[in-house]
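Structure, as structure tokens:
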Amino acid sequence: MAKWSFLSLVLGDITQKGYEKKRAKLLAPYVPQTQGRCLFRLRRAENPAVVFCLLCCRKAERVTSCLADIHTEAVQAALAKHKEQKMALPMPTKRRSTFVQSPADACTPPDTSSASEDEGSLRRQAALSAALHQSLQNAESWINRSIQGSSTSSSASSTLSHGEGKGTSGSLADVFANTRIENLSVPPDVTATTSSSSSSSSARPAAIDLPPSGIVKGVPVSSRVSTKIQQLLNTLKRPKRPPLKEFFVDDFEEIVEVPQPDPNQPKPEGRQMTPVKGEPLGVVCNWPPALEAALQRWGSTQAKCPCLTALDVTGKPIYTLTYGKLWSRSLKLAYTLLNKLGTKNEPVLKPGDRVALVYPNNDPVMFMVAFYGCLLAEVVPVPIEVPLTRKDAGGQQIGFLLGSCGIALALTTEVCLKGLPKTQNGEIVQFKGWPRLKWVVTDSKYLSKSPKDWQPNISAAGTEPAYIEYKTSKEGSVMGVTVSRVAMLSHCQALSQACNYSEGETIVNVLDFKKDAGLWHGILTNVMNKLHTISVPYSVMKTCPLSWVQRVHAHKAKVALVKCRDLHWAMMAHRDQRDVSLSSLRMLIVTDGANPWSVSSCDAFLSLFQSHGLKPEAICPCATSPEAMTIAIRRPGVPGAPLPGRAILSMNGLSFGVIRVNTEDKNSALTVQDVGHVMPGGMMCIVKPDGPPQLCKTDEIGEICVSSRAGGMMYYGLAGVTKNTFEVIPVNSAGSPVGDVPFVRSGLLGFVGPGSLVFVVGKMDGLLTVSGRRHNADDIVATGLAVESIKTVYRGRIAVFSVSVFYDERIVVVAEQRPDASEEDSFQWMSRVLQAIDSIHQVGVYCLALVPANTLPKTPLGGIHISQTKQHFLEGSLHPCNILMCPHTCVTNLPKPRQKQPGVGPASVMVGNLVAGKRIAQASGRDLGQIEDNDLVKKHQFLTEVLQWRAQATPDHPLFLLLNAKGTTVCTATCLQLHKKAERIASVLSDKGHLNAGDNVVLLYPPGIELITAFYGCLYAGCIPVTVRPPHAQSLTATLPTVRMIVEVSKAACILTTQALMRLLRSREAAGAVDVKTWPTIIDTDDLPRKRLAQLYKPPTPEMLAYLDFSVSTTGMLTGVKRSLLWLEARKAFRAVKLWIQCRLGAQKSLLQRREGGLWSGHQEFCCCLPLGEQGILPGVKVVIVNPETKGPLGDSHLGEIWVNSPHTASGYYTIYDNETLQADHFNTRLSFGDAAQTLWARTGYLGFVRRTELTAASGERHDALYVVGALDETLELRGLRYHPIDIETSVSRTHRSIAECAVFTWTNLLVVVVELCGCEQEALDLVPLVTNVVLEEHYLIVGVVVVVDPGVIPINSRGEKQRMHLRDSFLADQLDPIYVAYNM
């Protein structure tokens, strides 16, 4: 019905208003009703600036209907907001082979985590309701495609169609008409064989308007690529969301951004908070003085009582460890560690040494024995995960922890030891970064029984270390949190009081028993209170997610330790078994209750299992951290009493660190449940997360700090970090300390609400600070999961982190894609996620990537290893199958576009060689001396005569050596060999080619000695050689037409080449690119007859044409330059057009160079170029720096075009039309003012500047150094700055090892970067963020399009220069067959 309504609207049967009414009526049964919520106003004395919305939760059904889908409703409404936007986003183009995933097993058991084992993002999938599912299907997509548009498809690129609007050509023309192409020194395009001979037709105009047909330079604007670029331009017209005020210091060192704070941002208004104390820690007479004493007591008096039950892979009990067995086996292990590992005089272990515990997650019994054995032996256990390979995610950081702790011994089981990776010799491999370890098996048969007179030393708990728990930081480093014996005992006492544990109770533990709450409850507090723990390992949860519920039912358990993920998967598997009862549970401890979105999982689980006896008051969220241990826990409530309230907060306020009730937009609301009260014996305060630990105000979000005996004491071996975390003294607003009691930072963000209830809204590790606003990674994960993720995301596995790019943090979202997800579904989901995050969190996503299923780095319990994923992203080893970059939306702190400064004009006053107060930028070489007038010089005027003379005078002198890639000599040519072979070639040209003096001959050779001999052979025969780069065999269609064009334009009468290239020119593949029947005479020079000409040709005058230099410029223009015969004195000369001697060391810093007062001061990068000084500028050469627009001279150190005056420049362009105006402009031009001598100059087409140095020239004057920056016709003008492609390409080329070559060009003010991929196609999408990042960081430019192509696609001319304009035309005409095309938004 809804689909019919949508189609009716499209076809015009009903109005928009009517459609909205129909749609609202259809969705009414699915929209949760909120009228039944009871709102209570809190006491103003508690928090004067905040009003919390408390929900009356007496009926579970109402709780679920009100809250389970709050975030889903927000996402739905946010997406509906944008349905009016008729905007088409360009979909990436890719080859089919790039995104084909390896088939994944559809029956693989579910993962129990998404972003990390502590985040549990799958909790949100339980909240995906039918209302969201149906409404998102019926609502118009954010990517609205035009119905009237036509679509073209490339079989090699993508099988999906992309719509394009009717007005594409017109809008492109509007954009392009304002695009100025500054190229005032371009040579004539001799390929334009039109009938007109107008001088203006051969020069590229400064501005081009597109004709109505939409054709630019032969490229149809309506092609698929240009249509997508138009879609991208339309998308970029949207205003960016935070309009930051941009202030930048134009300095060599860096650009500093000074954003102005938003005057309307909320600010805290409450009073300064006071620390909150928990209930006193009760004194119980029978509490033991140490945890080891409790084990001794129960092991001796209650030996047969069950302590721990392990399950097999099917979820059935396999072994129960009694307290007697635990005591006896721990005793044997302690005796063995102290007395049997070494000698009596040299024991391996001493009390206080650290020992690694390496036990799998499915063997809690052996771990518990080893842990208590270490405590009895007074050694410090360090539990770690079992290493699986040498390259485990985070394995190297674990090795660093082991090394810093000085660990040389590792305890494990026999089965685990056999499963460790081995070398060929059977030894355990040396794990990366690990110290060398001695492995000790702790199975009972390998332990020695202690003598009857030996007893462990059990003293009262003190401050000595008891154990070390490892913690992974946000950056991926691993630190060891040291817990003292007294803190371990105090923590067990506090948990016993808060949870009201009693002897003999049964608890079900689904958590990791080696760390955090799983260790504290299931291993430590368990022994303190003689509890019976049922340990459900992770492997069982993967095969049977309902196993923990079955264990609660079977053992009548009183307490269960779970995470939100376990609640979710239990609900998913609920259909498998319905006859279970949870009525025995008095506490369902949700250990990740600190996660703001855990409220939905708790409510959904309660609504489903309340009919199975689950009591609402039994759900007890808690907050924990490795440093502060248990921070707060909700105590079990009284049956029938109302549940604690929940805070509905404004997400906008939270991003500024302020607590505000959500009154503006209900879509940007965060509903948070409390995590109970402060632990007994503890004290809590909230401090600012940044800077000094200043106490927050009552309506301010900050980091939770705890002062208690039950907490960590230090990071082992890290004194500096320890002081900032474990020895925090809060200060007031004046900076004065508040008391002298040290607090411990918990790493959790939250506040203290009414009734001293603790609320947690995020973690420091998940904090993303973008443009001064704080966002929580868990919140963004939840938003992504609420956007129909079940169709696209593999098991809800989403990772969110931030990367630092261009002076700010940028948000990156990475998700695993389902193997059966279609390309279009994936792109639609990505687009919707971007829109939802933008609307709900008011922040843009910099990059959204989808990777194949099961490819993200995993934590030991199957969650996503965030820091390792971030590292792979930055290294370019993530291998995504879909990616979407949005730098245009996110990057709002770019420098302001530069304005051109007024330069030197004709009205400037000339005083000597000064203009406008600055010295004219000119330099010159030494005067060209007179050549001595002797007989040798007169006799050998030409190079051909010199070669003949040298063949007689020094016949064996090696002239040329040909080296291979290894640097070894492959071929040589002496004077005599070159002379004789040149004679043979001249004879062949005369006999076979029937050529006359002055005929043009194309030399088609790869660089080498054959090319040189053919060149001199032509000179001997009086022919004019035309050197042409041979076509590429793998890309004939791209390279052969250029060869054909040069042959036609030069009117060559013959082609000299090798046999292999001759076969290639006449091959069937060549026939598909050109007409092979129209080739002129082709002569191969591999087998030459031993015949020579009777008389070698001698030119009558030195001004005659010697050879033609044809090449395609980097801008795609084919030009031929005429070179006259080279005189002997040309050995001193310098060809001005070849001013290519330079050393480009693109500086990484100092991007915006301060050159005030000059027209060309906008050059983007300060280049450390090799100065061409007195030794570089040849004798007789004069250089001046000129403004290419006004043709007036520039001042010293100003950037402009290099003009040269020399008697040895080229004689002109070779063209089939007589174009004297252009020839004069390029080879015989004058300055517009400031040159009384009216010197004739040749324009080089290169940008550079002259700078006077402190060095002294031979004449005694200060030395003028010439710096060459780049070619003028290659420059890109973007944002008022002048960029050189080689600078950007150099930066891009070094970002990834698989980038073989790179080329950049612009189209409609968008920067397009083309990279050649020399690796596997899986790496293609890795390059997109790397290219975008490096161009933004080093050049302050946003890349519009990234194109990944095969090697050899970027065209190269005969001089080895990239033909960027040909590449651009091929790209826009959709002729590149790219591996991937990414359109950055």
Determine yes or no for a side-chain-to-main-chain donor-acceptor pair under 3.5 angstrom, with [X] supplying the side chain and [Y] the backbone.
| X | Y | result |
| --- | --- | --- |
| Arg774 | Val770 | no |
| Arg745 | Asn724 | yes |
| Lys267 | Phe656 | no |
| Asn893 | Phe806 | yes |
| Lys870 | Ser802 | yes |
| Ser496 | Cys492 | yes |
| Glu703 | Gly747 | yes |
| Gln842 | Ser839 | yes |

Dump the intermediate steps for side chain to side chain donor-acceptor pair (under 3.5 Å) on Asn652 and Arg773, then the final yes or no.
CA-CA 9 Å; Asn652 179 60; Arg773 298 179 61 184; 2.9 Å; yes

Taking C-beta and beyond as the side chain, do [X] and [Y] meet within less than 4.5 Å on heavy atoms?
| X | Y | answer |
| --- | --- | --- |
| Val562 | Ile589 | no |
| Lys563 | Asp566 | yes |
| Val661 | Leu649 | no |
| Val761 | Asn776 | no |
| Glu464 | Ser484 | no |
| Met528 | Gln493 | yes |
| Ser707 | Val744 | no |
| Leu401 | Met479 | no |

Count the heavy atoms of every other residue, nucleotide or ligand shown that sit under 6.0 Å from CZ of Arg709, and state whether that count exceeds 12.
no

Lys277 NZ: over 12 foreign heavy atoms closer than 6.0 Å:
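Check fails, neighbour count at 12 or below.
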
Criterion side-chain contact (heavy atoms from CB on, under 4.5 Å) on Val752 and Met684, from CA distance to verdict
CA-CA 9 Å; Val752 179; Met684 177 184 293; 4.1 Å; yes

Asp512 and Asp516: side-chain contact (heavy atoms from CB on, under 4.5 Å), yes or no, with the steps?
CA-CA 8 Å; Asp512 184 4; Asp516 209 71; over 6 Å; no

List the atom of [X], the atom of [Y], and the distance in Å for their closest heavy-atom pair.
| X | Y | result |
| --- | --- | --- |
| Val781 | Ile798 | CG2-O, 4.1 Å |
| Met488 | Val483 | N-CG1, 3.9 Å |
| Leu757 | Pro644 | CD1-CB, 4.2 Å |
| Val672 | Val760 | CG1-O, 3.5 Å |
| Ala628 | Ser746 | CB-CB, 4.1 Å |
| Val481 | Pro626 | CG1-O, 3.4 Å |

Would you give the length of the straight line joining atom [atom1] of [X] to atom [atom2] of [Y], rounded to the nearest 0.5 angstrom?
| X | Y | atom1 | atom2 | result |
| --- | --- | --- | --- | --- |
| Leu588 | Leu567 | CG | CG | 6.0 Å |
| Ile704 | Ile631 | CD1 | CD1 | 5.5 Å |
| Cys890 | Glu809 | SG | CD | 12.5 Å |
| Leu749 | Ile686 | CG | CD1 | 9.0 Å |
| Tyr716 | Ser404 | OH | OG | 8.0 Å |
| Leu495 | Thr525 | CG | OG1 | 4.5 Å |

Any salt bridge linking [X] with [Y]? Criterion: basic side-chain nitrogen under 4.0 Å from a carboxylate oxygen.
| X | Y | result |
| --- | --- | --- |
| Lys688 | Glu700 | yes |
| Lys514 | Glu469 | no |
| Asp699 | Arg660 | yes |

I'd like to know whether Tyr467 forms a side-chain contact (heavy atoms from CB on, under 4.5 Å) with Val382, so could you lay out the CA-CA distance, the side-chain angles of the two residues, the decisive distance to 0.1 Å, and finally the verdict.
CA-CA 6 Å; Tyr467 69 94; Val382 184; over 6 Å; no

Just by distance, with hydrogens left out, do [X] and [Y] show a side-chain donor and acceptor under 3.5 Å apart?
| X | Y | result |
| --- | --- | --- |
| Gln497 | Glu279 | yes |
| Asp765 | Ser473 | no |
| His841 | Thr783 | yes |
| Gln673 | Ser598 | yes |

Show, in sequence, the C-alpha distance, side-chain angles and deciding distance for Cys499 and His521, and conclude whether the side-chain contact (heavy atoms from CB on, under 4.5 Å) test is met.
CA-CA 10 Å; Cys499 300; His521 289 264; 3.9 Å; yes

Is NZ or CZ of Lys515 both nearer than 6.0 Å to the six-membered ring centre of Tyr470 and within 45° of the ring axis?
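Relative to the ring axis of Tyr470, which defines the angle, Lys515 lies inside both limits.
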
Quick check on side chain to side chain contact (heavy atoms under 4.5 Å, CB included): which of Thr630, Thr591, Leu511 does Trp520 satisfy it with?
Thr630

Show your reasoning for whether ring-ring contact (aromatic ring centres under 6.0 Å, His included) applies to Phe726 and Tyr715.
CA-CA 9 Å; Phe726 295 90; Tyr715 292 126; 5.0 Å; yes

